[in-house]
2 protein chains.
Amino acid sequence: MKPKISDVAKVAGVSPTTVSRVLNNRGYIGEKTRQKVDEAMKQLNYFPNDVARSLFIKKTFLIGVIFPTTTNPFYGQLIFHIENIAASLGYKILLCNSQGQEDKERSYLRMLQRNQVDGIIAGAHNRGVKEYDIPTLPVVGVDRYLSENIPVVSSDNYDGGRQATQLLINKGCRNIIHINGPIYLETPANLRRKAYEDVMKDNQLPPITYETDGDNQAVIKQLFDENPRVDSIFASDDLIASAVIREAKLRKRNIPSDFKVIGYDGTETTRLLLPELSTIQQPIREIAEKTIDILTKEINEEGDRSQMETILPVRLIESETT
Amino acid sequence: MKPKISDVAKVAGVSPTTVSRVLNNRGYIGEKTRQKVDEAMKQLNYFPNDVARSLFIKKTFLIGVIFPTTTNPFYGQLIFHIENIAASLGYKILLCNSQGQEDKERSYLRMLQRNQVDGIIAGAHNRGVKEYDIPTLPVVGVDRYLSENIPVVSSDNYDGGRQATQLLINKGCRNIIHINGPIYLETPANLRRKAYEDVMKDNQLPPITYETDGDNQAVIKQLFDENPRVDSIFASDDLIASAVIREAKLRKRNIPSDFKVIGYDGTETTRLLLPELSTIQQPIREIAEKTIDILTKEINEEGDRSQMETILPVRLIESETT
DNA sequence: TTTCATATGTCAACCGGATGACATATAATT
DNA sequence: AATTATATGTCATCCGGTTGACATATGAAA
C-alpha cells in the first residue's frame, strides 16, 4: 500500500497535521521536526497524493492540449514548447490528438472537463463544435477561431502569404498557383490564401488556387496537368511544398531556374530534412509562450478581455527553391 | 460554482445515491428516473468530477509518457499512436519532454507519482536514473533499458543495422562509415552500430564510426575531411542522414552513383519531406501497440514477467540514395 | 513575573463521489 | 395472501489531504 500522511507521521513521531504543515510550509515548524519528517518521507518513499490535494484545493494544475496530431512537425514542435513552458510554471499537459474529427474533439472536451483541467489550449476545431464555450473554463485557441469569447494566438498569416507571393513575383514569376489544405476550417491560416489572392490581383495576375483534402499527390498532379505553364507554387505548408518539389522533379522542371516553390511553417524538422526549401517560418516558440501567458492569466483571473487576438510576426527564409 | 451530484439530485428530484447509481449503472434504476437524471445533468451542464472519483477508486486512468521531445518526428509519431491507442482504451496521456536531461526526468517521475498515474511509458533515460524502479507502478520502456525489472519494446535494431550495412555492401560500397547519436545511453539502438561493425568485419572491411553530440554538421564535415575516399554512410537516424546528404552535395558527390546514404527510422514526416532517402523503417505503430498492451496488462495485474524484451521487425525502404 | 512568539498536538469539517447496509414501496408472480 | 424482483431513499463511511479552531508547552523578551 502506498504510504499516506498518517504513515509518515507515525514514522516521524509527529502528528499528521505537522506533516501537512511541513509539506505546505505553513505555520510554525521546528528545524528538527522538519528533518524528522523529511527522513520519514524518504524512508517510506512517500509522495503526496495530488489527486486528494486537487480535490480539496479545487485546482489540478492540468492543462488540456488539443491538436490534430503530434505527427505533424508543426504541432509536434508547438506542443513541445507548450509542454516545456507549462512545466516551468508547474502545469502539466493532458495530450489530445483530435485528428480533425469532430466527435473526438467533443469527447476530449468532455474528458478534460471531467478531469477538472485548469485550462485548455486548442488548435483543432471543426465547425460546429460549440462546446468550447465553457463559461467556467479558460480556453485559448492557436490559429483557430473557436468562438467569439475565446482569445486566439496566431502568426501573421496575411503577411506571410503576402511575403511569399511577393517574393515569387519579384523573382519574375507570373503563373503562380496557391495550394492549401482543407479550407472549410475557420482558421486564420486562410489569410495566407487571401493575401495570395490580393497580391496577385494587385499585380494584375490571375489567382489560381487548389485545395488538397489529404491526398496531396493527386491534387498536385492535377494542378500540373491543368496548368502546364505554371512557373511557381506557394504551398500553405511545407509538407505540401515538398510534394510539389517531388512532382516538379518528376516532370523535369528545373528548380529554381525554371520553377519555384515556397512553403509555410519552417519547423525545425523541415529545416533539417529539406533545408533547400524556401519557406515562411512561424515563430512557434513565441506562439507557445504567448498562448500560455494568456491562458495562465485567465486561470488566475487576470485576463485582459480587450485583446482577443494576438498576431506574431513571421520570417521569410529564402533558400534554394526560389 | 460547478454543479455536483447533489445539485443534479435536487433538480431531478431524486436522491444523490440514485444519481450515482445512474452514473455508474449500478443496482436497479427505473427508465423514467434515468431520464429525469439525464435531463438534470444536461440542464446543469454537469460533468462528473473524475478527481473525486479517482480518489475513491484509487485509479486515475492516467499514463505518464516520457520522451526526449515531440519535436523529433520519430517521437512525435510514436506519441501520436500511443495517445491514440490509450484513448481508445479509456486512458489519458500526461506528456513529459525530458530533453535528455536527468534532472528533468527525475522531476517528471516525481510529478507522475504524485499524480497517481496508473503506469508510465518511457523512452528517455539517462544512465543513473534509478528512480524508474518503482515496485508499485507499472513501467514499460521503449528502445531503452530502464532496469532489469522493466520490460522493453523496441524494433529489431540489430537486424536493421545489418540490413542497412549489407545493402551498401551489395551495392558495391567498400568505404562505409557509420555515424550515430550519443552512444552513452544504454539503448537497444546501439545494436545498429554493433550490427554495422559485425557485418563490416564479416566482409573484411574496417568499421569506422563517428558520433555526433548534437552538432551534426560539424561532425559530418570532419568525417568527410578525414575520409576523402568514403563512398557511403549509414546514419543512425534520418535527420543525420539528411545532413549527410546536404554535405555530400556541397562536396559535389553524386548520389547515388558516386556516394550512397541510408538512414534510420522512416517516419511519415521523413517519407514526405525526403522521400528519396533510403532508410530502415521502424514499425512505430506496432511499437506503440505492443507497449500499451504490456503496460495495460501490468496495470491489470495480468503481466507476463517471462517476456521482458519484445523485438519487432523493421523494413528496408530502398529509395534513391542507395 | 508576565507576555509573547514559536512549536506541536487534537479534533472536526470539507472537497465530490462511491458504496454498503438497511428501510420502504410498488408491482408482478406464485 | 405471500413472495419476489424492481425501484428508490437515508445514512454513514471512506478515499488522502487541507485547513481552521483551539489547547498546550517552551523559551525568550519585556
Side-chain angles (χ1 to χ4, degrees), chain A residues 1-41 44-62 110-111 113-118 136-137, chain B residues 1-41 44-62 110-111 113-118 136-137:
Chain A
M1 216 57 239
K2 282 181 199 160
K4 51 178 96 169
I5 273 196
S6 59
D7 298 320
V8 176
K10 251 175 239 164
V11 172
V14 299
S15 76
T17 305
T18 299
V19 176
S20 177
R21 285 199 262 250
V22 170
L23 279 170
N24 297 288
N25 244 320
R26 258 172 27 94
Y28 296 117
I29 315 141
E31 198 42 50
K32 285 162 298 177
T33 309
R34 170 170 275 131
Q35 280 177 21
K36 277 191 299 179
V37 171
D38 283 343
E39 272 168 42
M41 294 198 295
L44 291 172
N45 199 28
Y46 170 81
F47 288 88
N49 185 327
D50 272 357
V51 172
R53 183 159 203 280
S54 294
L55 179 59
F56 188 84
I57 66 173
K58 292 167 174 292
K59 172 148 191 179
T60 56
F61 287 95
L62 283 174
R110 276 197 302 275
M111 181 275 275
Q113 287 184 76
R114 295 177 60 132
N115 280 274
Q116 313 295 118
V117 295
D118 292 341
T136 51
L137 185 58
Chain B
M1 216 55 240
K2 283 183 196 159
K4 51 177 99 169
I5 273 195
S6 59
D7 298 319
V8 176
K10 252 174 237 162
V11 172
V14 300
S15 76
T17 305
T18 299
V19 176
S20 177
R21 285 200 262 251
V22 170
L23 279 170
N24 297 287
N25 244 319
R26 258 171 29 93
Y28 297 116
I29 315 140
E31 198 43 49
K32 286 161 299 180
T33 309
R34 170 169 276 131
Q35 280 177 21
K36 276 191 299 180
V37 171
D38 284 343
E39 271 169 43
M41 293 197 298
L44 291 172
N45 198 28
Y46 170 81
F47 288 88
N49 184 327
D50 272 358
V51 172
R53 184 161 202 280
S54 294
L55 179 58
F56 187 83
I57 66 174
K58 292 168 173 292
K59 173 150 190 178
T60 55
F61 287 95
L62 283 174
R110 277 198 301 275
M111 180 276 274
Q113 288 184 77
R114 295 176 60 130
N115 280 274
Q116 314 295 119
V117 295
D118 292 342
T136 51
L137 186 57

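Computed from heavy atoms alone, side chains included, the values below leave out hydrogens, waters and symmetry copies. Order of the sequence lines fixes the chain letters, A, B, ..., with proteins taken first and strands second; residue numbering starts at 1 for each chain.
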Between [X] ([atom1]) and [N] ([atom2]), how many Å, whole number?
{"X": "Asn25(B)", "N": "dT19(C)", "atom1": "CG", "atom2": "P", "value": "12 Å"}
{"X": "Phe61(B)", "N": "dG17(C)", "atom1": "CZ", "atom2": "P", "value": "17 Å"}
{"X": "Lys2(B)", "N": "dC14(C)", "atom1": "NZ", "atom2": "P", "value": "20 Å"}
{"X": "Gln116(B)", "N": "dG16(D)", "atom1": "CD", "atom2": "C1'", "value": "9 Å"}
{"X": "Arg34(B)", "N": "dT6(D)", "atom1": "CZ", "atom2": "C1'", "value": "13 Å"}
{"X": "Lys59(B)", "N": "dA18(C)", "atom1": "NZ", "atom2": "C1'", "value": "16 Å"}
{"X": "Asp7(A)", "N": "dC15(D)", "atom1": "CG", "atom2": "C1'", "value": "14 Å"}
{"X": "Leu44(B)", "N": "dG16(C)", "atom1": "CG", "atom2": "P", "value": "14 Å"}

Item to check | Residues that Thr60(A) engages under side chain to side chain donor-acceptor pair (under 3.5 Å), provided they are two or more places apart | outcome: Asp118(A)

Checklist entry - Taking only N and O in the side chain of Tyr28(B), is any of them less than 4.0 Å away from OP1 or OP2 of dT6(D)? => result yes

Next on the checklist: Between Lys58(B) and dG16(D), is there a contact of a side-chain N or O with OP1 or OP2 at under 4.0 Å?
Outcome noted: yes

Checklist outcome for this item: With sequence neighbours left out, the residues meeting ring pair (Phe, Tyr, Trp, His ring centres under 6.0 Å) with Phe61(B) are Tyr91(B)

Next on the checklist: Just by distance, no angles: are the side chains of Arg110(A) and Asn115(A) close enough, under 3.5 Å, to form a donor-acceptor pair?
Outcome noted: no

Item to check | From Lys2(B) atom NZ to Thr136(A) atom OG1, the distance as rounded to the nearest 0.5 Å | outcome: 6.0 Å

Checklist entry - Taking the nucleotide of DNA chain D with the closest heavy atom to each, which residue, Gly30(B) or Leu55(B), is nearer the 5' end? => result Gly30(B)

Output side-chain donor-acceptor pairs under 3.5 Å for residues 4-15 of chain A, partner residues at least two apart or in another chain, one line each.
residue, atom, partner, partner atom, Å
Asp7(A), OD2, Lys4(A), N, 2.8
Ser15(A), OG, Thr18(A), N, 3.2
Ser15(A), OG, Thr18(A), OG1, 3.1

Checklist entry - So what does Val51(B) hit on the nucleic acid, given a heavy-atom distance under 4.0 Å: a base, only sugar-phosphate, or nothing? => result nothing

Item to check | Contacts of Arg114(B) that satisfy salt bridge (Lys or Arg N to Asp or Glu O under 4.0 Å) - sequence neighbours left out | outcome: Asp50(A)

Next on the checklist: Treating primed atoms plus P, OP1 and OP2 as sugar-phosphate and everything else as base, which nucleotides of nucleotides 17-30 of chain D get B, S or - for protein heavy atoms under 4.0 Å?
Outcome noted: BBBS----------

Item to check | Partner residues of Asn45(A) under the side chain to side chain contact (heavy atoms under 4.5 Å, CB included) criterion, sequence neighbours left out | outcome: Phe47(A)

